[in-house]
Amino acid sequence: MNFGEAIAILRDLVSLGGPVVGLLLAMSILALAVILWKLGSGLRLGLGRHASLERALAAWDAGDEVAARQAAASSRSHLADLIPLALDAPDPQAVQRIEAEASERIAAAERGHRLLDSIAQIAPLLGLFGTVLGMIDAFQALQSAGSSVDPSVLAGGIWVALLTTAVGLGVAMPTSLALTWFESRTDADRVFAETMVQRLVHPRPPQTVAVAQAVS
C-alpha cells in the first residue's frame, strides 16, 4: 500500500463516519506524534540506563569517591549529575535540594503522559458518541420510510454508525498500551532516584566492614 492509497482509505473512512471519525483520526495522528517524541526523549534522557550509576553507588559505598565520580560521569542517565551534587554538599538542606532535583527530572520524563491519557480516555467515548448520532440518523430514516422499509439500507446505516466506535477503540487501545509502558519506565526511574539519594546520603560505612573483617 502506497501513500496515496492510504490517504484514499482515510478519506473514505471520514466520508463514511463523518466528522467524528475525522476527529478521531486527528487524535490518532497526535497520539502517534507524542509516542514518537516520547521514544526519542527516552533515548535522550537515558531512561532505565543505570548500570554506570549502580557502579558509582557501589564505589561510594566502598569509600572510593573518585571511582564514584568517574562512573557517574560516564553515565548517560538524566539522573547522573545528582551524584556529584550529593557528594559536594552532603548536608541535610542539600538532601532536600537533591530530592527536588530528582523530582524535577522525573517530571520532565513524564511530559506527554497527560495528553496520551486524555486521548486514551476520550477516544472510545467520542466513538460511542458518533455511534449514538449515527443510530439516531438511522432510526430517523426508518421512521421516514414508513411501511416501505428496506432492511439493507437500515443495516448499512447501523454498521456505518458502529464504525465510529471501532475507530475510537482502535485509537484508544494502542495509546493506552504505549502510555502504560512509558509510565512503567518513569516509575522505575522514580524508585531508582529515591533509592540513589538515600544511598548517597547514608552510605555503607566502610569502617564497619573493616572491623567485621578484622574480628572474623
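Note that the structure is predicted; figures quoted are calculated from it, not measured.
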Ignoring hydrogens and angles, tell me if any N or O in the side chain of D189 forms a donor-acceptor pair with the backbone of G48 under 3.5 Å. yes
Got a donor-acceptor contact below 3.5 angstrom from the W60 side chain to the E65 backbone? no
I'd like to know if the side chain of S176 and the backbone of A172 have a donor-acceptor N/O pair within less than 3.5 Å. no
What's the verdict on salt bridge (Lys or Arg N to Asp or Glu O under 4.0 Å) for R199 and E194, showing C-alpha distance, side-chain angles and the deciding distance? CA-CA 9 Å; R199 290 179 65 179; E194 294 173 355; over 6 Å; no
Donor-acceptor pairs under 3.5 angstrom involving side-chain atoms of residues 119-131: please list them, not counting sequence neighbours.
| unit_1 | atom_1 | unit_2 | atom_2 | d |
| --- | --- | --- | --- | --- |
| Q121 | NE2 | D117 | OD1 | 3.2 |
| Q121 | NE2 | D117 | OD2 | 2.8 |
| T131 | OG1 | G127 | O | 3.1 |
| T131 | OG1 | A161 | O | 2.8 |
| T131 | OG1 | T164 | OG1 | 2.9 |
| T131 | OG1 | T165 | N | 3.4 |
| T131 | OG1 | T165 | OG1 | 2.4 |

Could R69 and D64 be called an ion pair, given the rule that one side-chain N must be under 4.0 Å from one carboxylate O? no
What distance separates I83 CD1 from M196 CE, expressed to the nearest 0.5 Å? 5.5 Å
Return the OG to CZ distance between S77 and R49, rounded to the nearest 0.5 Å. 9.5 Å
Do you reckon L53 sits in the same ILVMFWY cluster as I106, going by side-chain contacts under 4.5 Å, direct or chained? no
How far does CD1 of I98 sit from CG of L79, to the nearest 0.5 angstrom? 12.0 Å
Please list all pairs passing the side chain to side chain donor-acceptor pair (under 3.5 Å) test where one or both residues lie in residues 178-187, with sequence neighbours left out. D187-R190
In a table with atom names and distances, give each donor-acceptor pair under 3.5 Å that connects a side chain of residues 26-46 to protein atoms at least two apart or in another chain.
| unit_1 | atom_1 | unit_2 | atom_2 | d |
| --- | --- | --- | --- | --- |
| S28 | OG | L25 | O | 2.5 |
| K38 | NZ | A109 | O | 2.4 |
| K38 | NZ | R111 | O | 3.0 |
| K38 | NZ | H113 | NE2 | 3.4 |

Whether R55 side chain and A71 backbone form a donor-acceptor pair below 3.5 Å: no
L116 reachable from L47 in the ILVMFWY side-chain graph, under 4.5 Å edges: no
